[in-house]
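Heads up: the structure comes next, in structure tokens.
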Amino acid sequence: MRKISRRRLITSGVVATAGVAGLAAATRIAARHGLIPPDCRGVYGPGETLTYAAQKLLTRHSLAREFPRSMISAKPFLNAVAPFSDAFKAHQALGFSDWTLKVDGMVARPTTFSLSDLRTLPRKSQITEVACEEGWSYIAEWIGTPLSHVLHEVGVLPEARYVVYYSIEPDWWESVDMADALHPQTFLTMGMNDGDLPVGFGGPLRLRVPRQLGYKSVKFITRITATDSLRGFGKGLGSASPEGGYSWFAGI
Amino acid sequence: MLTAPSVQSPAIPRHSAVVRVTHWLTVLSFFALLVSGLEIVVSHPRFYWGETGNSNTKPAFIIPIPASRGTVPTGYGYEMPDQNGWSRYLHFQAAWLAVLTGLFYGIHALLTGHFRGDLLPAPGDRNWPAVRAVFSKYRRRGPPDPAEGHTYNVVQRIAYILVIFVLFPLIIWTGLAMSPSFVSAFPLSVELLGGRQTARTLHFFITWLLVAFVVIHVAMVYQSGFRDRMRAMITGRTSSESSERKTTPGAVAQESL
Ligand code: HEM
């Protein structure tokens, strides 16, 4: 009896040590392969890291579901936004003719694009679903240019690992990893359902990230920055969402 | 084992350590999932069938509570505080705990024959009379069959099998079918269900089936002798009391069935 319990004790010790060593090694490998999200600390860090790592491994090249034209929602839901800032209203008064998108950071040729510059880039459309973290959803056709074209135009450097994007409205910014930034369905969206993108849906320029929930598709985009680390941005949690208590990765 | 009757040997092995640890981890994650899940519902207490649904479309049904979003037409002039941030973080963390615990439990149960030996109804019990007999005893509030001190009765077994092999897989499936990222890799996961909103509505219904299971489950544990059953699930050992109950009339009646 005593012998067994000693053997058990030794076995448990070995298992525990192996477990800790395994976890440390797994963390190192995960970090090297970019599987650790910027909001990996805190009480919910373990779950967040598992979710991000698992989805990254599973969904690297997957495409968001696209729908037939007949499934486009007749009445897409117009989500509330904070009252527009004076800066936005000034652009709106001019019909957004002076709207610009500044692309900088880890790029060879930092560039400021006007909306008409963006319109000369390859134009694509997708019929995808917007799913809100609250539970509701709608389907619309989104027309614009893949972000990958813009990143290609400015010569994004191979060291870049994330793209940070900002709304003209204060404290509204997000970031995605390079896999999502270069994903063929990640659009700088300027049109919706065959017309211009209405202001209520993020016009004149919204970044659509259809493999993630709606809050990653920031409205009224004016600036995009490529970077190799999210540390220097805001509180270093990746975007405004985790600063407000929401997870950075919104694939679920 | 049951025939070792002396009062001086109060503890008889009952549940393995793996069953006990995974059970209580499941309880922990279940309540975390329930609280955070209901919290998430508060941000949009409307449910739909099909692929899409929002405040502009007709709901299948609504939960008559105020919402934590002003954009939801609830009829209340009151807006609940937004708690979705931590609720979603907690929901997915608890889901990982539940899934990993379940995987560990399932692999262990397969390897040790726990499913076949302890959870699959015994050959003689795979018939309605056996099930009805157990039910009627619960209804009469009769004392448990002494055999229940060391094994589950057929109703418990059926309930556990349903939870482990039907409700748990369904709640995970309908949950993942709401992940835009997961369904991009596995579109059939949501298409087979009939759409994202159907997945959400089914997820909500299965939650209540699980809650119903837990309520009945705890009532059954209470009915069989809460202290002894809890002691067995916590320490792994059951007291000899239940083997003494062997002579109670209810038990005899049960055995004669
Ligand atoms: C406060 C809540 C709970 C209590 C007090 C409780 C208590 C118990 C007890 C005492 C047993 C052993 C039954 C017996 O020997 O008669 C048991 C078994 C079991 N319980 Fe629970 N339970 C609770 C919640 C849950 C939940 C939330 C689930 C899953 C959703 C669950 C699933 C099971 C399963 C599957 C078994 C059989 C385990 C096996 O032998 O493999 N229980 N529970």
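Below, chains carry the letters A, B, ... as their sequence lines are ordered, and counting in each starts from 1.
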Report yes if some heavy atom in the side chain of B/Tyr89 is under 4.5 Å from a heavy atom in the side chain of A/Asp39; otherwise report no. yes

Honestly, the part of A/Ala54 sitting under 4.5 Å from a heavy atom of chain B is side chain

Heavy atoms from other residues, nucleotides or ligands near CZ of B/Phe104 exceed 12 (cutoff 6.0 Å): no

Which heavy atom in B/Ser179 sits nearest to a heavy atom in A/Ile252, and how many Å separate them? CB-CG1, 3.6 Å

What part of B/Val42 gets within 4.5 angstrom of chain A, counting heavy atoms only: side chain, backbone, both, or neither? neither

Do A/Leu63 and B/Ser184 come within less than 4.5 Å of each other through their side chains, counting heavy atoms only? no

Should B/Arg69 and A/Glu134 be marked as a salt bridge (Lys or Arg N to Asp or Glu O under 4.0 Å) after you check the CA-CA gap, both sets of side-chain angles, and the distance that decides it? CA-CA 9 Å; B/Arg69 299 292 189 280; A/Glu134 295 156 22; 2.6 Å; yes

Below 4.5 Å, heavy atoms only, C-beta onward: do A/Arg65 and B/Val190 meet side chain to side chain? yes

Student check: side-chain heavy atoms of B/Asn84 and A/Glu133 closer than 4.5 Å: yes

Largest heavy-atom contact set with chain A, pairs under 4.5 Å, which of B/Val72, B/Val41, B/Thr52: B/Thr52

Per-residue contact mode, B/Leu100 against chain A (heavy atom under 4.5 angstrom): side chain

So, taking the atom named CZ in B/Phe182 and the one named OG1 in A/Thr59, what distance separates them when rounded to the nearest 0.5 Å? 10.5 Å

Go through the atoms of A/Val130 and report whether side chain, backbone, both or neither lie under 4.5 Å from a heavy atom of chain B. neither

Counting only heavy atoms closer than 4.5 Å, note whether A/Ile139 contacts chain B via side chain, backbone, both or neither. both

Using heavy-atom distances under 4.5 Å, tell me whether B/Phe47 contacts chain A through its side chain, its backbone, both, or neither. neither

The interface call for A/Glu129 against chain B, heavy-atom contacts under 4.5 Å, is side chain

Any idea which heavy atoms bring B/Gln197 and A/Gly135 closest together, and the distance? NE2-O, 3.0 Å

Heavy-atom pairs under 4.5 Å with chain B are the metric here; pick the option from A/Phe67, A/Phe249, A/Tyr138, A/Tyr246 that has the most. A/Tyr246

Contact between A/Glu48 and B/Arg88 at the side-chain level, heavy atoms closer than 4.5 Å - yes or no? no

When the 4.5 angstrom heavy-atom criterion is applied to B/Gln83 and chain A, the contacting part is neither

Taking C-beta and beyond as the side chain, do A/Cys132 and B/His44 meet within less than 4.5 Å on heavy atoms? no

Let me know if A/Thr51 has heavy atoms under 4.5 Å from chain B in its side chain, its backbone, both or neither. both

Contact winner vs chain B - A/Arg211, A/Gln185, A/His61, heavy-atom pairs under 4.5 Å: A/Arg211

Heavy-atom side-chain proximity of B/Pro180 to A/Gln212 below 4.5 angstrom: no

Pick one of side chain, backbone, both or neither for B/Trp96, based on which atoms fall under 4.5 Å of a heavy atom in chain A. side chain

Between A/Ser62 and B/Ser181, which heavy-atom pair has the shortest distance, and what is it? OG-O, 4.5 Å

So, do A/Phe77 and B/Thr71 sit near enough that their side-chain heavy atoms are less than 4.5 Å apart? yes

Roughly how far, to the nearest 0.5 Å, is the CH2 atom of A/Trp136 from the CZ atom of B/Arg196? 10.5 Å

Greatest number of non-hydrogen atom pairs under 4.5 angstrom with chain A, of B/Thr57, B/Ile40, B/Leu176, B/Leu90, falls to B/Leu90

Looking at A/Leu50, A/Thr49, A/Asn79, which one has more heavy-atom pairs under 4.5 Å with chain B than the rest? A/Leu50

Keeping B/Asn56 on the side-chain end and A/Pro76 on the backbone end, is there a donor-acceptor pair under 3.5 Å? yes

Quick one: which of B/Ser87, B/Ala67, B/Ser55 has the most heavy-atom pairs under 4.5 Å with chain A, could you say? B/Ser55

